[in-house]
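So the structure is just underneath, and the comments pick up after that.
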2 protein chains.
Amino acid sequence: MISDKKKRVTIKDVAQAAGVSTQTVSRVMNKFSYVSEDTRKRVEEVVERLGYNPSALARSLIQRRSYTLGVVTSGLKHIGPSRTLNGVADKADELGYMLLMKELDNFDNSRVGEAIDSLLARQVDGIVWAAPEIGDNHSWLDERLDRIPVPVIFLSMRPRKGVFSVATDNYQGGAMAIRHLLGCGRKKIGHISGPLAWWEAVERKRAWRETLIEAGLDAREEHCAEGNWSAASGEQAFIRLLESYPDMDAVFVANDQMALSVLREAARRGVSVPSQLAVVGFDNIPESAYFHPSLTTVFQDLQLLGEQAAQIVVEMIQARQQEQPTFAQSKFIQPALIIRESSQ
Amino acid sequence: MISDKKKRVTIKDVAQAAGVSTQTVSRVMNKFSYVSEDTRKRVEEVVERLGYNPSALARSLIQRRSYTLGVVTSGLKHIGPSRTLNGVADKADELGYMLLMKELDNFDNSRVGEAIDSLLARQVDGIVWAAPEIGDNHSWLDERLDRIPVPVIFLSMRPRKGVFSVATDNYQGGAMAIRHLLGCGRKKIGHISGPLAWWEAVERKRAWRETLIEAGLDAREEHCAEGNWSAASGEQAFIRLLESYPDMDAVFVANDQMALSVLREAARRGVSVPSQLAVVGFDNIPESAYFHPSLTTVFQDLQLLGEQAAQIVVEMIQARQQEQPTFAQSKFIQPALIIRESSQ
DNA sequence: CGCTAACATGTTAGCGATAACATAATATCA
DNA sequence: TGATATTATGTTATCGCTAACATGTTAGCG
C-alpha cells in the first residue's frame with residue numbers, strides 16, 4: 001500500500017484554479033455575501049473538481065469559535081450515561097455542533113482541571129458536564145467554574161445557585177413509586193438504595209422516607225439496604241433486607257438492575273411477586289418489560305435529558321454571542337411511572 | 001451574571017510578561033529543547049500566574065496533526081455500541097488522544113461523506129468507524145476510502161482486502177454455542193437470529209447452520225426465526241419458532257435481550273428451561289447472570305474491541321508519520337462461552 | 001448627468017502557535 | 001588557542017482561513 005502524499009487542498013488552490021482571490025472563494029463557501037452568479041458557478045465547479053473541504057480548524061482559530069461542544073462523561077459502559085450521551089449527540093448534530101469527548105472514570109478532582117483545559121485548548125464553545133455527582137466530586141466547581149470562559153451545563157447534579165443544570169426529578173420519581181405502592185394497599189415498604197454517595201441515590205431514598213412519613217407510616221433505617229446499582233449488589237442488599245425487615249410487603253428498588261435480582265431471588269425463595277411482595281424499580285431499562293414478572297418502574301428519559309442539556313448550552317452560547325445576559329436555572333425533567341405486573 | 005470579557009491568554013502575553021520571545025515560551029511548554037534553568041523558572045511562574053493554556057487549535061494548524069481521533073458511532077443508545085465507544089475512549093485517552101464524535105443513526109450513504117468531511121475538516125489524525133455493517137451501508141467504502149488522507153479502522157465489518165478492521169469472531173462464538181449444546185446431548189437446535197441485514201447476525205446464523213451440518217444434523221430454514229435484537233422481537237420470533245419447530249430441545253439466540261424474552265415466554269408456557277429447552281444467548285450483558293434461570297451466553301468483549309481499534313489506528317498514524325508502510329489486516333477477537341443454568 | 005446605494009472583487013492583517021533558520025554565548029577538545 | 005560542539009535565545013515565515021477595509025463597477029434616482 002503506497003501512502004498518499006497528496007497535499008491537502010486549500011482555499012488558495014481553489015482561488016488560483018478559479019482565477020479569483022481567496023476571499024471570493026471564502027464568500028462562495030459561506031454564502032450570504034455578494035458574489036456574481038457567474039463567479040459562484042466557476043468557483044463551485046473548481047471546489048467540486050478538486051474536492052476542496054475547508055479547514056474548520058483554521059476557521060475556528062480566526063473566528064474564535066469552533067462549533068464544537070465538550071462533553072465530559074463518566075461510566076459510559078453503563079446504559080444510563082450512554083443514553084444521555086446519545087441525546088447530547090443527537091441534539092448537537094441537529095444544531096450543527098460536533099462533540100469533543102472526555103471520559104472521566106473514577107476521577108479525583110485533580111484530573112478535572114486537566115480535562116477542562118484540554119477541552120478549552122480546542123476552543124469548545126460550551127461544555128456539557130455529564131458526569132454524575134458523587135461524594136464531593138463537584139467541589140472543584142466553587143473555585144474553578146468562573147474561570148471557565150465558556151458556558152457549562154451540569155447533568156444530574158444537586159441544584160446550586162448560579163449554576164446551570166438539568167436533572168431527572170429523582171425525588172418526584174421516588175415519591176410516585178411509593179404513592180403507587182401505598183395506593184395498592186401496601187403498608188410495609190422497604191427500600192434498596194443506590195450508593196448513598198450519589199446525589200441521585202440520596203434523592204430517591206429521601207423520597208421513600210418522606211413519602212412514607214407523610215402517609216403516617218414507618219421508614220426506619222432497618223427498612224433500607226444500600227446497593228451499588230449492580231445486579232450483584234442488589235441480590236446482597238435484598239438478602240440483608242429480608243432479614244432486617246422480614247414482614248415487608250413491598251420494596252422500592254433504586255434501579256432496574258438491582259430490581260431484577262430482587263425478582264430472581266424472590267422467585268428462588270418462593271416469595272411470590274406481586275402477591276406477597278410488590279416490587280418497583282427505577283429507570284425503565286428496555287429489558288424490564290420482559291422480566292418475569294414484568295417490572296413496574298419509574299421511567300426517566302435520559303435521552304431527553306441529554307437533548308435538553310445540549311439545547312440549553314447552545315442557547316447559552318448564542319446569548320453570550322449577542323451579549324445578552326443569561327440567568328442560571330436548575331431544570332428538572334419529570335419521570336413517569338410505568339405500571340406492570342410486579343406491583344399489582 | 002456579568003459575562004467575562006477577559007481575553008484568552010496567549011503565548012504572546014506570556015512572552016511579554018516574562019520578557020522573552022514567544023519561541024522561548026513555546027520551548028518551555030514543550031520541554032526537550034535548550035532553555036536555561038533560570039528562564040524556565042521565570043516562564044513557568046508567569047504561565048502559572050496568568051493561567052496560560054496553549055491553544056491546541058493553533059498548534060494543530062501548524063503541525064498538521066491534532067492528536068484527535070474521529071469516531072463514527074451508531075446505535076449509541078444500545079449497550080453494545082456504547083461499550084465499544086468506552087473502550088475507544090479509554091485507550092485514546094491513555095495514548096494522549098481526544099475523541100471527536102459523530103453519531104450516524106439510520107444513515108443512508110449520502111450522509112457518510114458529510115460525516116467524514118466534517119471530521120477531516122477538524123484535522124483528525126485517524127478515524128475509528130464503529131458503525132456496524134448493515135445491508136450495503138459500507139458500499140461507499142470502495143470509491144471513497146482511498147480519498148481519505150488519514151488511517152481508518154472499521155469495527156464489526158466483514159473482512160475486506162486492503163482495509164483495516166477488528167471484529168468479534170461471531171462465527172466462532174456461534175460455533176461454541178452450538179457445540180456446547182451438542183455436548184449437552186441436544187440434537188434439535190433452533191435459532192433466533194438477529195436482523196439478517198447485519199453482517200454479525202449472518203455470521204452467527206452461518207455458524208449455527210454449518211456447525212449442525214458438520215455434526216450430521218438438520219438445520220433447515222424452518223428451524224430459524226429472525227428478530228431485530230429487541231426483547232419484543234425475540235418474543236415474537238420465539239412464538240413463531242415454537243410453531244415451525246415444535247419438538248426443538250434447544251435454541252441458540254443471537255443476543256441476550258431476545259434470549260431474555262425466550263426465558264420469560266418459556267416460563268409462561270410451562271416449558272421448563274433447561275430440562276425441556278436449553279437456551280444460549282450472545283453478548284453477556286450484565287443482567288444475563290441474573291435472569292431466571294441464569295443465561296448461558298457467548299461473551300464478546302466490546303470494551304476490548306474498542307481498545308484494540310484505538311490502539312491500531314494510533315499505530316497506523318505513527319507508522320505513517322515515520323513513513324513506514326502498513327499492511328492492512330482484519331483482526332478477530334475471540335469470544336468466550338459462559339455456561340450458566342439455562343443450558344444444563 | 002451627477003450622486004448615492006447596491007453589488008462584486010481584491011488587499012492586508014492577523015488568529016495563536018511552531019518550523020526553520022540565524023545568532024550569540026559558553027564549553028570542550030585536539 | 002583556535003576550531004568545533006553545545007547551549008540559549010531571537011527572528012521570520014507560515015499553517016488555512018476570515019475580518020476589516022479598500023476599490024471598482026453597475027444601477028437607480030431626482
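Every chain is numbered from 1 and lettered A, B, ... according to where its sequence line falls, protein lines coming before strand lines. Note that the structure is predicted; figures quoted are calculated from it, not measured.
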Whole-Å distance, B/Gln63 CD to C/dA19 C1', equals 9 Å
Separation of C/dT18 atom P from B/Arg27 atom CZ, nearest Å, is 11 Å
Checking A/Val71, A/Leu69, A/Leu100 against A/Val124 for side chain to side chain contact (heavy atoms under 4.5 Å, CB included), the one that qualifies is A/Leu100
With distance as the sole test, does B/Ser118 use its side chain to make a donor-acceptor pair with the main-chain N or O of B/Ile116 at under 3.5 Å?
no
* Asked: Base, sugar-phosphate, or nothing for A/Ser21, non-hydrogen atoms under 4.0 angstrom?
  -> base
Min and max contacting nt of DNA chain D in 5' to 3' order, chain B heavy atoms within under 4.0 angstrom, are D/dT7 to D/dG16
Might you confirm whether atom CD of B/Glu143 has over 12 heavy atoms from other residues, nucleotides or ligands at distances under 6.0 Å? no
Can you give each donor-acceptor pair under 3.5 Å made by side-chain atoms of residues 154-161 of chain A, sequence neighbours left out, with the distance rounded to 0.1 Å?
from, atom 1, to, atom 2, distance (Å)
A/Arg160, NH1, A/Glu133, OE1, 3.3
A/Arg160, NH1, A/Glu133, OE2, 3.4
A/Arg160, NH1, A/Arg158, O, 3.3
A/Arg160, NH2, A/Glu133, OE2, 2.9

_So for atom CD, which belongs to B/Glu48, do other residues, nucleotides or ligands contribute more than 12 heavy atoms lying within a distance under 6.0 Å?_
no
Note: contacts of residues 44-55 of chain A with DNA chain D (heavy atom, under 4.0 Å) are A/Tyr52, A/Pro54, A/Ser55
Exactly one candidate in A/Ile153, A/Val152, A/Val72, A/Ile312 meets side chain to side chain contact (heavy atoms under 4.5 Å, CB included) with A/Val128; the answer is A/Ile153
Note: for A/Tyr34 and A/Gln123 on DNA chain C, the residue whose nearest nucleotide lies more 5' is A/Tyr34
message = Counting neighbours of OH on A/Tyr67 that are heavy atoms of other residues, nucleotides or ligands and sit closer than 6.0 Å, is the number greater than 12?
response = no
Check: OP1 or OP2 of C/dA19 less than 4.0 angstrom from a side-chain nitrogen or oxygen of B/Gln23, does that happen here?
Finding: no
Residues B/Glu307 and B/Gly87: closest non-hydrogen pair is CG-O, 3.4 Å
Result for 5'-nearest mapping on DNA chain D, choosing between A/Ile62 and B/Glu37, is B/Glu37
Contact class for B/Arg64 (heavy atom, under 4.0 Å): base, sugar-phosphate, or nothing? sugar-phosphate
_So, OP1 or OP2 of C/dC15: does either fall under 4.0 Å of a side-chain N or O from B/Lys12?_
yes
message = Just N and O in the side chain of B/Arg59: are any of them under 4.0 Å from OP1 or OP2 of C/dT18?
response = yes
Indicate, with a heavy-atom threshold strictly under 4.0 Å, whether B/Ser60 touches base, sugar-phosphate, or nothing. nothing
Looking only at heavy atoms, the pair that brings B/Ser74 and B/Asp105 closest together is OG-OD1, 3.3 Å
Under a 3.5 Å limit on both distances, the Watson-Crick or wobble mate of D/dG30 is C/dC1
